[in-house]
There are 2 protein chains.
Amino acid sequence: MDGAGRRVTAVDVARLAQVSTATVSLVVNGKARGRVSPATRERVLAAVDELGYRVDPVARELATGRRHSVALVVPDIANPYFSQLTKGVADRLGCGYRLCLIIADPSRAGLDRIVTERVDGMLAEAPAVDVIRELDGRTPLVVLDRPAPGTDHPYVGFALADGATELADHLLDLGHTRIGYLDADIGTPTFEFRRARMDERLHAAVGHGFTGPLVRSRTDIDAAAEAFTAAWDDWRAAGVTAVVCAADVHAYGVLRAAARLGVHVPGDLSVASFDDLPFSALTDPPLTTVRLSAGDLGFHAAELLLTLMQGTPAGPPPLLPATLQIRSTTTPPKTT
Amino acid sequence: MDGAGRRVTAVDVARLAQVSTATVSLVVNGKARGRVSPATRERVLAAVDELGYRVDPVARELATGRRHSVALVVPDIANPYFSQLTKGVADRLGCGYRLCLIIADPSRAGLDRIVTERVDGMLAEAPAVDVIRELDGRTPLVVLDRPAPGTDHPYVGFALADGATELADHLLDLGHTRIGYLDADIGTPTFEFRRARMDERLHAAVGHGFTGPLVRSRTDIDAAAEAFTAAWDDWRAAGVTAVVCAADVHAYGVLRAAARLGVHVPGDLSVASFDDLPFSALTDPPLTTVRLSAGDLGFHAAELLLTLMQGTPAGPPPLLPATLQIRSTTTPPKTT
DNA sequence: TTGAAAGCGCTAACAG
DNA sequence: CTGTTAGCGCTTTCAA
């Protein structure tokens, strides 16, 4: 009604209701039970209503020291993996907390932004050690996906070893021995682990790891397609019959590039990856991939963070399953 | 170092540097130019460094009245459309603002949460009129995608009419006359418009609108697949040769369900939709869809919000293109 | 060039 | 049951 009028404060309400601001505070915070008479309570409520008063969250935060907000640090919200993760977090957090999205690579710069942001809790994948140290003892932090190297910081992750092993064995069982790898260009622990674990398994089975150039690209369909296109000649020359991608998004790029190059999947080349995004069952052909439920990860991480914020120490880190979904991008290599 | 020690405040810095907190404030805010002697400035900086002082954002916000934060209200962050949108917003906002994600249907409840959240600016698709009214004159708001009905509130949208018309004409040109529609279950203006506009065009061309039951489902692959499966018998009975979906995500579900039902796309049925998410070029077969760049929408909306927050009145609303991408899910109907 | 002091709006002891 | 008072930590006139 009053348009851009001055903000209504507790003082205004107190004046109108003929009480003190303390009473207003008690009433609006639902702490009136047995501390404020029903009659005064009604008066206050009426005044609140009439004036359209809402408590100022900033002032409340300063006074109480609790911000009711959680920061989620993700490198790329456009990647469905992280948007699923975000959804999981939001679902668990509900309305009780504000969710601040910080889009930054927590392993590099921009740390400042993260550390300055005074939130009640934080969720981050692969935070730099500085960040962990700086936050430690002040702001509860839950690390996502892989434990922070060199620390025993609370985290929630996947049974990645299982998934990687399963995928390696699947390819091996099909008869592939020369396998290429398309890695993500950000060397976060989860990506390091995916590659290293599979490499290890290949060594154990056939005496050597991945074949041909180790390619890296941004986690982005176009970038991955380009990377594949550039690498394909070398891979083919090296006798590669399958390529594993660090993430589904990379695999999408590979699928597209392969189609354009006339490389038939899975006839000429098997393709597999990690994540199992909802679209991976719909690609042409449907993608074989290790299922990593980002939504569950977010949900459980938020859960753990909530307990941490209550002061409860972290129990054993929940390990979420990572199981192979075999679809149609993997078949035995052509027996030329 | 000190673990959970007390927070370092400006008072601590002031004491160590032998100055007043006012001076500390000037220095840390870069307002020292000509108001603080270089020598004192150095002392303060040294003290800040030694103590590891960082200004408390909450206190600063309360004192200045500016929160440096923007809220983005989205109904479902797991939908790639909204994650692209979010990315666009984040890209434009940069580091200067905190991005608070509010996951809620702004047309229904949860409004309270939105209104209470005292941010500097807000972005929302299809906000309820109450929200607009309550925010008006206090918090700048940019409406996304479609103008808020019955108001002239600033917004950023697409040339949806063009896209819908183009799609209708494309189907008509191919020879389809009996076309089914799978709508989103949230009746936001953008979805209403997509359907209504196409319906109108069909009427003009063939004397009737969509054929068969009007189906609605959540914007979710599984839900859409179920909805299609349930509707298919009726649609087929009605002679439907093409179905248009309100969003790509619905189309993904239709594609999957059609495959399972043995309905060949596009042989038996043409499919098309709106959005053109990055995955839509990779589905089997690649999807014909009206391209709506959510990322651009977010970017431009954030841009407009920024100018609004500076007090500049909104100029004419930017209209982003909506052009049809013809791929492989649409062909002429079988001439049985 | 610097400091004192008055808020910003709310909460939480502590009296009464 | 209710009011007084003292902060929360910072910014910002206004004097000195």
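What's counted below: heavy atoms across the whole structure, side chains too, no hydrogens, waters or symmetry copies. Below, chains carry the letters A, B, ... as their sequence lines are ordered, and counting in each starts from 1.
- Interatomic distance, OG of A/S37 versus CZ of A/R43, reported as 7.0 Å (0.5 Å rounding).
- A straight line from CZ of B/R7 to C1' of D/dC8 spans 11 Å, rounded to a whole angstrom.
- Atom CZ of B/R35 is separated from atom P of C/dG3 by 13 Å (rounded to the nearest Å).
- When heavy atoms are screened at a 4.0 angstrom cut-off, B/V19 is found touching the sugar-phosphate backbone but no base atom.
- Distances shorter than 4.0 Å separate some side-chain N or O of B/S37 from OP1 or OP2 on C/dT2.
- Atom NE2 of A/H68 and atom C1' of C/dT11 are 12 Å apart (whole Å).
- Dashed line: the shortest gap from a side-chain N or O of B/T40 to OP1 or OP2 of C/dT2 is under 4.0 Å.
- Here A/T23 reaches the OP1 or OP2 of D/dG3: one of its side-chain N or O atoms lies under 4.0 Å away.
- Between A/L26 and B/N29, the residue whose closest nucleotide on DNA chain D is further toward the 5' end is A/L26.
- Atom pair A/E61:CD and C/dA12:P shows a separation of 13 Å (rounding to whole Å applied).
- Here B/S25 lies in heavy-atom contact (under 4.0 Å) with a base.
- Within 4.0 Å (heavy atoms only), B/A22 reaches at least one base atom of the nucleic acid.
- Side-chain proximity of A/A63 to C/dC10, C/dC8, D/dC1: nearest is C/dC10.
- More than 12 heavy atoms of other residues, nucleotides or ligands sit less than 6.0 Å from atom CZ of A/R92.
- Considering all non-hydrogen atoms of both residues, A/F158 and A/L319 come closest at O-CD2, 3.5 Å.
- Residues B/T64 and B/S20 each lie close to DNA chain C; by heavy-atom proximity, the contact nearer the 5' end of the strand is made by B/S20.
- Minimum atom distance to the side chain of A/T9 is reached by C/dG9, of the listed D/dC10, C/dG9, D/dC1.
- We find that NZ of A/K31 is positioned 17 Å from P of D/dT2, with the value rounded to whole Å.
- Nearest nucleotide to the A/V55 side chain, out of C/dC10, D/dT2, D/dT11: C/dC10.
- Side-chain polar atoms of B/D145 and B/T190 form a donor-acceptor pair below 3.5 angstrom.
- Taking the charged nitrogens against the carboxylate oxygens, A/R60 and A/D56 have no contact shorter than 4.0 Å, which rules out a salt bridge.
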